[in-house]
Amino acid sequence: MPELPEVETVRRSLAPAFGARVEQVRYSGLPLRLRKKLDLRAQRRAAEGAGIEGARRLGKYLLVDLQDREWAILVHLGMSGRLRIMSAAEPEPPHTHVVWALADGRELRFSDPRRFGQVDLVQRGAERDHPALAKLGIDPLEDPLDGPTLYELMHPSRQAIKAFLLDQRKVAGIGNIYASEALWMAQIRPSARANTVSKARAVRLAEAIPAVLRRALTKGGTSLKDFIAADGRTGEFAEYLQVYGRDGGDCLRDDCDGVIRRQVTQGRATFYCPGCQPR
DNA sequence: AGACAAACCTGTCTGC
DNA sequence: TGCAGACAGGTTTGTC
């Protein structure tokens with residue numbers, strides 16, 4: 001579910017918890033990503049008694065920093081994960097797996113029906129030693145993504161450009177929705193091999209990626225079904241999607257009369273306009 | 001090395 | 001109404 005704009009929306013919505021002190025960590029005991037269980041003792045040692053200092057984002061990963069502690073909490077939302085700040089008096093959402101009870105009567109709750117998400121610890125100052133973060137590529141909102149750099153990254157790859165964009169080792173944070181959106185914006189066919197895309201189009205793509213991510217972020221992300229931020233708000237960007245989920249609809253480019261097509265590649269739905277995204 | 005399918009899960013929607 | 005099947009915003013693993 002959540003791609004970079006959604007994760008950044010969650011990060012920002014965590015602000016009301018900054019400064020609060022973690023009193024207790026609880027865990028459902030069910031395995032999360034890769035059938036791995038949370039190391040509850042380590043989580044407790046790291047977080048209990050500590051204040052929440054702030055939150056950072058690397059690609060689709062969230063890092064919640066703990067005041068005066070060596071550790072930060074690492075959270076990945078997978079497909080269906082949610083982080084919510086709620087009053088302890090409110091009923092827990094279904095499939096709540098990790099709870100950080102705060103000293104002020106609120107709780108930070110991680111729920112995730114599909115359990116593709118991840119909760120772990122990373123050592124502050126050595127974040128990149130964590131295997132999940134070690135190979136992450138450029139974050140298009142934090143680092144400048146210029147055309148020539150992207151072109152150089154694309155050059156050795158024979159992958160379809162859409163698969164390339166989904167590879168977090170190349171550019172971190174793009175998922176299935178924004179890959180289709182960025183390629184439509186840059187007028188590149190998703191099936192085009194990365195190394196066959198012209199330099200001019202690579203430059204357009206390097207502009208399109210941060211543009212679409214930023215635009216989505218201003219709308220609080222895309223809530224197709226169940227994405228919500230830590231404050232319970234949904235994202236509005238679904239209304240502004242140009243191709244994703246619009247198969248059979250008219251292409252929204254001014255001078256194009258094409259019809260949006262849906263194609264399954266690598267098991268993922270891909271949307272494009274055959275008219276203005278030529279081979 | 002690199003490309004692809006399958007696997008990990010539950011919930012929801014569609015069509016019969 | 002019930003049920004089977006398809007599909008979902010992500011990532012890893014195994015196979016070719």
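Side chains included, hydrogens not; waters and symmetry mates left out as well; all remaining heavy atoms used. Lettering of chains follows the sequences in order, A, B, ..., and the numbering in each one begins at 1.
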Taking only N and O in the side chain of [X], is any of them less than 4.0 Å away from OP1 or OP2 of [N]?
X: A:H95; N: B:dG11; result: yes
X: A:R115; N: B:dC8; result: no
X: A:H76; N: C:dT11; result: yes
X: A:K60; N: C:dT11; result: yes
X: A:Y178; N: C:dG9; result: no
X: A:Q118; N: C:dT11; result: no

Short N-O contact, [X] and [Y], less than 4.0 angstrom:
X: A:E107; Y: A:R26; result: yes
X: A:D112; Y: A:R82; result: no
X: A:R84; Y: A:E92; result: no
X: A:E142; Y: A:R57; result: yes
X: A:R261; Y: A:D247; result: no

Taking [atom1] from [X] and [atom2] from [N], how many angstroms apart are they, rounded to a whole number?
X: A:L58; N: C:dT11; atom1: CG; atom2: P; result: 13 Å
X: A:E3; N: C:dT11; atom1: CD; atom2: C1'; result: 13 Å
X: A:K37; N: B:dC9; atom1: NZ; atom2: P; result: 12 Å
X: A:L62; N: C:dG9; atom1: CG; atom2: P; result: 20 Å
X: A:L153; N: B:dG2; atom1: CG; atom2: C1'; result: 16 Å
X: A:M154; N: B:dG2; atom1: CE; atom2: P; result: 16 Å
X: A:R169; N: C:dT12; atom1: CZ; atom2: C1'; result: 11 Å
X: A:K36; N: C:dT12; atom1: NZ; atom2: P; result: 9 Å

Exercise. Please round to the nearest 0.5 Å and tell me the distance separating atom CD of A:E181 and atom CD1 of A:I209.
Key: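 The distance works out to 12.5 Å.
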
Exercise. Measure the CD-CG distance between A:Q168 and A:D139 for me, rounded to the nearest 0.5 Å.
Key: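 Those atoms lie 10.0 Å apart.
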
Quiz prompt | Nearest-angstrom distance, P atom, C:dC7 to B:dA5 | solution =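 To the nearest whole Å, 14 Å.
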
Quiz item: On a whole-Å scale, what distance lies between the P atoms belonging to B:dA6 and C:dA6?
Solution: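 It works out to 13 Å between them.
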
Quiz item: Base, sugar-phosphate, or nothing for A:L34, non-hydrogen atoms under 4.0 angstrom?
Solution: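 If one applies the 4.0 Å heavy-atom cut-off, A:L34 turns out to touch the sugar-phosphate alone, with no base involved.
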
Exercise. Give one of base, sugar-phosphate or nothing for A:K225, where a contact means two heavy atoms less than 4.0 Å apart.
Key: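 Base, at least one base atom sits under 4.0 Å.
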
Quiz item: Are side-chain heavy atoms of A:N176 and A:L166 found at a separation under 4.5 Å?
Solution: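 A:N176 vs A:L166: side chains touch.
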
Exercise. Choose from B:dC8, B:dG11, C:dA8 the nucleotide whose nearest atom is closest to any side-chain atom of A:F116.
Key: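 Nearest to the side chain of A:F116 among the choices is B:dC8.
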
Practice problem: Please tell me which of the listed nucleotides, C:dG9, C:dT12, B:dG11, lies nearest to the side chain of A:I177? | Solution: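 Shortest atom-to-atom distance from the side chain points to C:dG9.
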
Quiz item: Want to know the stems of DNA chain C: at least 3 consecutive Watson-Crick or G-U pairs with distances under 3.5 Å, which are they?
Solution: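 DNA chain C forms these stems: B:2-8 with C:10-16, B:10-16 with C:2-8.
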
Quiz prompt | Side-chain donor/acceptor contact of A:R114 with base of B:dC9 under 3.5 Å | solution =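 Donor-acceptor pair under 3.5 Å: yes.
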
Quiz prompt | Evaluation steps, side-chain contact (heavy atoms from CB on, under 4.5 Å), between A:F110 and A:T96 | solution = CA-CA 6 Å; A:F110 174 78; A:T96 294; over 6 Å; no

Collect all protein-nucleotide pairs involving nucleotides 3-7 of chain B in which both atoms are nitrogen or oxygen and the distance is under 3.5 Å.
from	atom 1	to	atom 2	distance (Å)
B:dA3	OP1	A:R158	N	3.1
B:dA3	OP1	A:Q159	N	2.9

Quiz item: Is there a chain of hydrophobic side chains (I, L, V, M, F, W, Y, each step under 4.5 Å between heavy atoms) that links A:F164 to A:M185?
Solution: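 A:F164 clusters together with A:M185.
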
Practice problem: Take A:R214 and A:E8 through the salt bridge (Lys or Arg N to Asp or Glu O under 4.0 Å) test and state the conclusion after the steps. | Solution: CA-CA 10 Å; A:R214 257 183 247 288; A:E8 177 62 18; over 6 Å; no

